Peer 1: 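Right, I'll just put the structure down here and ask away after.
Not measured: the values here are computed from a predicted model.
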Amino acid sequence: MLVLVAPGQGAQTPGFLTEWLDFPGVRGALEAWSDAVGLDLIRYGTEADAEEIRDTAVAQPLLVAAGLASAYLLFEDPAELSRKVGAVAGHSVGEITAASLAGVLPHEEALRLVRTRGLAMAEAAAVTETGMAALLGGDPEVTIPHLTKLGLTPANINGAGQIVAAGTKEQLAALEADKPEGVRKVVALKVAGAFHTHHMAPAVDTLAKAAEALSPGDPKLTYVSNADGRAVAAGGEVLDRLVGQVANPVRWDLCMETFKELGVTALIELCPGGTLTGLAKRALPGVKTLALKSPADLDAARELIAETPTPAADAAGA
């Protein structure tokens, strides 16, 4: 079984969409989505510098647009996605990409929702100077209590030995000076706030109001939620989780446990890939992985799709 995964904020880099514009349909889709959200996604994905695309209100719709565009380049017929992909999941804002690919929200609605999400989270982040940092190494049973002692939140529990802490700049400085036992390094992330913590509570209210106007469909393929790693079958519940997850920790470790239970044998990370593939290589031994870092990766990704049994084929052989 194949799972498509979508990365979260921090994966974007200056100019990362430039090469993708040469492919049929990509420029037109990005132009339509730019009009829908009032943001020039093409300029931000090709010309903007690192500081401009670090802006939460820009980064989030940019990442969702990139993930959606790259997903459909994997298949000759867009309808093949729901036939050949067994499951989808996303890290943080990548969940909106995954939900749209699963048919929960039309693409333009997903882009409008993520634009609202990004603006609301940027506004919430402006209240207090906050941030996030990845901890390399260490034992979660030791690390998490240490973070709690410092007033920090384990905002992303990513598995494969990686936890991301979030909180105020002062709390993060205290962490740098007082690392948990076993942690080799604390790496500041390129994000503009303490996402997935109580600091984002105001954004939850804004997003909940925006969600009231939407009519989500039920997922057409297995959708794995990063709230708890559970597969969610009802569109309304997916939408509720997308709203609440803004202020709650990402449990990517539990998503990968669910991938194991589902029998996933191949994982492709959508553009701009790399982070989730790295985690999967350590936590999912035996699963073939591929990151869409540039269009040069498309041929290898298509080969991986071709050699991976479809969910229907798995059922027929069971």
Peer 1: Rounded at 0.5 Å granularity, tell me how far CG in Leu30 sits from CZ in Arg43.
Peer 2: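 If I round to the nearest 0.5 Å, the distance is 14.0 Å.
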Peer 1: Consider only side-chain heavy atoms of I, L, V, M, F, W and Y, link residues closer than 4.5 Å, and tell whether Val164 and Val187 are in one cluster.
Peer 2: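 No, because Val164 and Val187 fall into different hydrophobic clusters, even though each may have its own neighbours under 4.5 Å.
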Peer 1: Quick one about Glu269 and Thr277 (side-chain donor to acceptor, distance below 3.5 Å, no hydrogens or angles considered), yes or no?
Peer 2: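 Note: Thr277 and Glu269 side chains meet the donor-acceptor criterion.
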Peer 1: Show me the pairs that pass side-chain hydrogen bond (donor to acceptor under 3.5 Å, both in side chains) and involve residues 202-211, at least two apart or across chains.
Peer 2: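 Of all non-adjacent pairs touching residues 202-211, none passes side-chain hydrogen bond (donor to acceptor under 3.5 Å, both in side chains).
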Peer 1: Should Leu62 and Leu17 count as side-chain neighbours, where that means a heavy-atom distance under 4.5 Å?
Peer 2: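 Yes, close enough: below the 4.5 Å cut-off.
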Peer 1: Can Glu257 and Lys260 be counted as an ion pair, charged N to O under 4.0 angstrom?
Peer 2: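 Salt bridge present between Glu257 and Lys260.
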Peer 1: Can Arg230 and Ser225 be counted as having a side-chain donor-acceptor contact under 3.5 angstrom?
Peer 2: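 The criterion, which ignores hydrogens and geometry beyond distance, is not satisfied for Ser225 and Arg230.
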Peer 1: Between Asp22 and Arg27, does any side-chain N to carboxylate O distance fall below 4.0 Å?
Peer 2: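 No, Asp22 and Arg27 are not salt-bridged.
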Peer 1: Decide yes or no for Gln9 and His91: does some side-chain heavy atom of the first lie under 4.5 Å from some side-chain heavy atom of the second?
Peer 2: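 The answer is no; the side chains never approach within 4.5 Å.
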Peer 1: Measuring only between side-chain heavy atoms, which start at C-beta, is His196 closer than 4.5 Å to Asn156?
Peer 2: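 Yes, at least one pair of side-chain atoms sits under 4.5 Å.
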Peer 1: Please step through side chain to side chain contact (heavy atoms under 4.5 Å, CB included) for the pair Val287 and Val3, ending with a clear verdict.
Peer 2: CA-CA 10 Å; Val287 173; Val3 59; over 6 Å; no
Peer 1: Looking at Glu307 and Lys288, is there a salt bridge between them, counting it only when a charged N and a carboxylate O are closer than 4.0 Å?
Peer 2: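 Salt bridge: yes.
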Peer 1: Report the residue from Val85, Leu2, Val5 that forms a side chain to side chain contact (heavy atoms under 4.5 Å, CB included) with Ile268.
Peer 2: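 Among Val85, Leu2, Val5, the one that satisfies the side chain to side chain contact (heavy atoms under 4.5 Å, CB included) with Ile268 is Leu2.
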Peer 1: Would you check if Phe75 and Ile305 make a side-chain contact, meaning some heavy-atom pair closer than 4.5 Å?
Peer 2: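 SC-SC contact between Phe75 and Ile305 confirmed.
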Peer 1: When rounded to the nearest 0.5 angstrom, what distance separates CD in Gln245 from OG in Ser92?
Peer 2: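 With rounding to 0.5 Å, CD (Gln245) is 8.0 Å from OG (Ser92).
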Peer 1: Start with the C-alpha gap between Val64 and Leu111, add the side-chain angles, then the distance that decides, and say whether side chain to side chain contact (heavy atoms under 4.5 Å, CB included) holds.
Peer 2: CA-CA 7 Å; Val64 171; Leu111 265 296; 3.9 Å; yes
Peer 1: Working to the nearest 0.5 Å, report the span between OG1 of Thr46 and CD of Glu19.
Peer 2: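 Taking OG1 in Thr46 and CD in Glu19, the distance rounds to 12.0 Å.
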Peer 1: Give the ring-plane orientation class for His107 versus Tyr72, where under 30° counts as parallel, over 60° as perpendicular and anything between as tilted.
Peer 2: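 Aromatic pair His107/Tyr72 classed tilted.
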Peer 1: Quick one: hydrophobic cluster around Leu152, which other residues, with the 4.5 Å side-chain cut-off, linked directly or via members?
Peer 2: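 Besides Leu152, the hydrophobic cluster comprises Leu135, Ile144, Leu147, Leu150, Ile157, Ile163, Leu172, Leu175, Val183, Val186, listed by chain and residue number.
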Peer 1: Does the Thr56 side chain pair with the main chain of Met121, one donor and one acceptor, at a distance under 3.5 Å?
Peer 2: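 The answer is no, because no donor-acceptor pair under 3.5 Å joins these two groups.
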